[in-house]
Amino acid sequence: MAYDILDVFETFNLVLILVAFAIFTRLAFKGKSLGNFRFQLSIFLLIWVLSEIPHIAGSLGLISTAAYSDIGLYLHAASMGVFAFFVGWRSIKIATLHPNPPTGAVAVHKEPPRGIKG
């Protein structure tokens with residue numbers, strides 16, 4: 001029985017995409033809050049993974065994508081929009097952090113040093 005090498009690689013690709021989906025779903029649940037970096041990145045990657053599934057499933061013949069040929073494109077565009085928002089939000093947060101304290105100042109201790117008592 002002969003297998004088409006493209007079908008083998010598409011099947012392998014689908015399996016890896018589903019594994020990635022499971023991993024990023026787990027990471028999103030571990031993030032626990034919307035402001036958490038892990039949660040935000042995981043949600044972005046979940047949308048990106050979901051955008052790849054219709055294309056791979058259609059090329060394997062698992063689903064008919066004739067009526068839904070643009071779903072992957074729309075999901076991919078949505079993931080890029082979420083990613084742009086994510087990067088923009090993180091960039092603004094980084095730019096508005098508190099400035100570093102001056103490094104030329106020397107700390108003055110109020111208590112005398114504790115030495116060896118004897």
Side-chain angles (χ1 to χ4, degrees):
M1 185 190 300
Y3 291 105
D4 185 17
I5 191 74
L6 291 177
D7 287 341
V8 171
F9 282 116
E10 286 288 339
T11 304
F12 183 67
N13 198 9
L14 180 62
V15 168
L16 290 178
I17 290 287
L18 293 174
V19 168
F21 181 80
I23 290 170
F24 292 125
T25 302
R26 181 176 179 266
L27 287 174
F29 281 118
K30 285 182 78 174
K32 296 182 184 174
S33 73
L34 294 175
N36 190 332
F37 178 76
R38 179 186 292 174
F39 178 80
Q40 292 173 351
L41 187 60
S42 297
I43 292 300
F44 158 69
L45 291 170
L46 279 173
I47 295 170
W48 198 354
V49 165
L50 286 174
S51 70
E52 295 297 325
I53 291 175
H55 169 71
I56 295 170
S59 66
L60 286 173
L62 299 175
I63 60 172
S64 173
T65 58
Y68 306 105
S69 62
D70 294 337
I71 286 180
L73 178 65
Y74 297 142
L75 286 172
H76 187 74
S79 71
M80 291 300 109
V82 169
F83 186 65
F85 177 75
F86 168 72
V87 169
W89 180 262
R90 285 291 172 176
S91 298
I92 289 171
K93 264 179 106 172
I94 289 172
T96 59
L97 288 178
H98 302 292
N100 291 334
T103 57
V106 177
V108 177
H109 298 286
K110 295 181 180 178
E111 297 178 7
R114 296 180 186 164
I116 301 174
K117 295 182 180 181

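Values below: all heavy atoms of this structure, side chains included; hydrogens, waters and symmetry mates excluded.
Across F24 and S42, no two heavy atoms sit closer than the pair O-CB, 3.5 Å. The nearest pair of heavy atoms linking L46 to T25 is CD2-OG1, 3.3 Å.
Checked against side chain to side chain contact (heavy atoms under 4.5 Å, CB included), A84 has no partners two or more places apart in sequence or in another chain.
F29 and L18 fall into different hydrophobic clusters, where Ile, Leu, Val, Met, Phe, Trp and Tyr side chains are chained together by heavy-atom contacts under 4.5 Å. In the hydrophobic cluster analysis, where Ile, Leu, Val, Met, Phe, Trp and Tyr join through side-chain heavy atoms closer than 4.5 angstrom, I56 is grouped together with V19. Under the 4.5 Å side-chain heavy-atom criterion for grouping Ile, Leu, Val, Met, Phe, Trp and Tyr, I23 is connected to I17 within one hydrophobic cluster.
With rounding to the nearest 0.5 angstrom, the OG1 atom of T11 is 7.5 Å from the CG atom of L62.
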